[in-house]
Amino acid sequence: MARIHLRDVCLDYPLYGAYDFSLKRRLLGRLFRQSSEMRTIRAIDSISIEAKAGARIGLAGPNGSGKSTLLRLIAGVFPATSGKVEISGNIVPLLGLGAGVNLDFVAADNISLLLRISGRKPTPAILEEIWAFTELEERMQRLPLRMFSSGMLMRVLFATATAFPADILLLDEWLSVVDENFSAKAEQRLRKMVETAAIVIIASHDHALLRRTCNSIINLDHGLIASTVALDAPVPHHLELREISA
């Protein structure tokens, strides 16, 4: 059963700078026995979240509030510095489609690579299904992604990222594809994933979208939960595919 359990979770980022990590600084620090402890900034601060099947959670807050970082922590991209993290269920993190892509590799190899990164086996049947969804010519599978237009590239990345259903779906200010002719098809698949996933967490500046989609909204401020707002159960709606993140 899908479940997200975060208890007093913190995440610290290391601060890198020429002053702190220059050779001169290190040598002088040793000479005068100064502490060489790495300086950090707290990006997520004592956050506790409990989500079970049926949860539709919106993450709101200004830039730098910790929305994207929290999603990446849940996805396993960032390990928590402290606290308890328990995740059950298959996670599909739509947090930026370009991660793991090598533009010098041919399209077919990139699809296989992305599937392996997500823990999936790139069987011929799966590869064929993904490519069919892109509606691109078969010969383009043998071309490096560097030769693709932005719209073609997004078709490949979107088709690969959404090839499997999710127990837990994570969305980060993304909700779009470049190719206008492909948007309706992409919207339909994305809407189906949102409807069928057990748990959905969406980070967005679009409060209207969050209120239409979610049954609770968590407002973040400097890595802290400032407030949590409970909403009525969302009703079926038309998702708009607007923002672009590659």
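- Leu11 CG to Phe78 CZ: the interatomic distance, rounded to the nearest 0.5 Å, is 7.0 Å.
- Distance check, rounded to the nearest 0.5 Å: CD1 of Ile111 to CZ of Phe105 gives 14.0 Å.
- Between Val229 and Asn219, the closest side-chain pair of non-hydrogen atoms falls below 4.5 Å.
- Remark: Glu86 does not engage Arg7 in a salt bridge, criterion side-chain N to carboxylate O under 4.0 Å.
- Counting heavy-atom neighbours within 6.0 Å of Glu128 CD, excluding the residue itself, gives a total of 12 or less.
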So Lys121 and Leu115, side-chain contact (heavy atoms from CB on, under 4.5 Å) or not? Walk me through it. CA-CA 6 Å; Lys121 185 177 181 180; Leu115 289 175; over 6 Å; no

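- Leu113 and Val106 are assigned to two separate hydrophobic clusters, defined by single-linkage of ILVMFWY side chains at heavy-atom distances under 4.5 Å.
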Intermediate values then yes/no, side-chain contact (heavy atoms from CB on, under 4.5 Å), Asn63 and His205: CA-CA 9 Å; Asn63 291 332; His205 292 286; 2.9 Å; yes

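- Screening Thr228, Ile49, Leu210, Thr213 for a side-chain contact (heavy atoms from CB on, under 4.5 Å) with Ile57, the sole residue that qualifies is Ile49.
- Residue Glu50 places its CD atom among more than 12 non-hydrogen atoms of other residues, nucleotides or ligands, all under 6.0 Å distant.
- Two residues are said to be in side-chain contact when any heavy atoms from C-beta on lie closer than 4.5 Å; Ile87 and Ile168 meet this criterion.
- Counting all heavy atoms, side chain and backbone alike, Leu95 lies closest to Ala75 at CD1-CB, 4.0 Å.
- Of all heavy-atom pairs between Ala43 and Thr69, the closest is CB-CG2, 4.1 Å.
- With Leu71 as reference, Leu59 is the one residue of Leu171, Leu59, Leu94 to meet the side-chain contact (heavy atoms from CB on, under 4.5 Å) rule.
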Output, in order, the C-alpha distance, side-chain angles, deciding distance and verdict of side-chain contact (heavy atoms from CB on, under 4.5 Å) for Met152 and Leu136. CA-CA 8 Å; Met152 293 176 180; Leu136 298 175; 4.0 Å; yes

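- Within the 4.5 Å cutoff, the side chain of His222 has no heavy atoms near those of the Asp45 side chain.
- Side-chain atoms of Ile44 and Cys10, non-hydrogen and from C-beta on, never get closer than 4.5 Å to each other.
- The distance from atom CD1 of Ile199 to atom OG of Ser88, rounded to the nearest 0.5 Å, is 8.5 Å.
- The closest donor-acceptor contact from the side chain of Trp131 to the backbone of Glu137 lies under 3.5 Å.
- With Asn215 contributing its side chain and Arg56 its backbone, the two residues share a donor-acceptor pair below 3.5 Å.
- Nearest heavy-atom pair, Asp172 versus Ser68, reported as atom, atom and distance to 0.1 Å: OD2-OG, 2.8 Å.
- Smallest separation of non-hydrogen atoms from Phe158 and Thr162: O-OG1, 2.7 Å.
- To the nearest 0.5 Å, atoms CG (Leu103) and CG (Leu145) are separated by 6.0 Å.
- For Arg120 and Phe164, the positive end sits near the middle of the six-membered ring, less than 6.0 Å away and at most 45° from its axis.
- Looking at every heavy atom in both residues, Leu220 comes nearest to Ile47 through CD2-CD1, 3.9 Å.
- Nearest heavy-atom pair across Lys185 and Ala132 is NZ-O, 4.1 Å.
- If you check the side chains of Asp221 and Ser65, you find no donor sitting under 3.5 Å from an acceptor.
- Using a 4.5 Å heavy-atom cutoff, the side chains of Arg155 and Phe148 are not in contact.
- The existence of a salt bridge linking Lys84 and Asp8 is excluded, since no basic side-chain nitrogen approaches an acidic carboxylate oxygen closer than 4.0 Å.
- Transitive grouping of hydrophobic side chains (ILVMFWY, heavy atoms separated by less than 4.5 Å) keeps Leu224 and Ile41 in distinct clusters.
- At distances below 3.5 Å, not a single donor-acceptor pair connects side-chain atoms of Asp12 with backbone N or O atoms of Thr81.
- Using a 4.5 Å heavy-atom cutoff, the side chains of Asp104 and Arg146 are in contact.
- You'll find the side chain of Leu157 reaches within 4.5 Å of the side chain of Val101, heavy atoms only.
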Output, in order, the C-alpha distance, side-chain angles, deciding distance and verdict of side-chain contact (heavy atoms from CB on, under 4.5 Å) for Arg212 and Leu209. CA-CA 5 Å; Arg212 291 196 307 269; Leu209 170 67; 3.7 Å; yes

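- In this structure, the side chain of Lys67 does not engage the main chain of Gly223 through any donor-acceptor pair within 3.5 Å.
- Side-chain atoms of Val200 and Leu170, non-hydrogen and from C-beta on, never get closer than 4.5 Å to each other.
- Judged by distance alone, with hydrogens and angles left aside, the side-chain atoms of Asp167 form a donor-acceptor pair with the main-chain N or O of Asn90 at under 3.5 Å.
- To the nearest 0.5 Å, the span separating CG on Leu127 from OG on Ser112 amounts to 4.5 Å.
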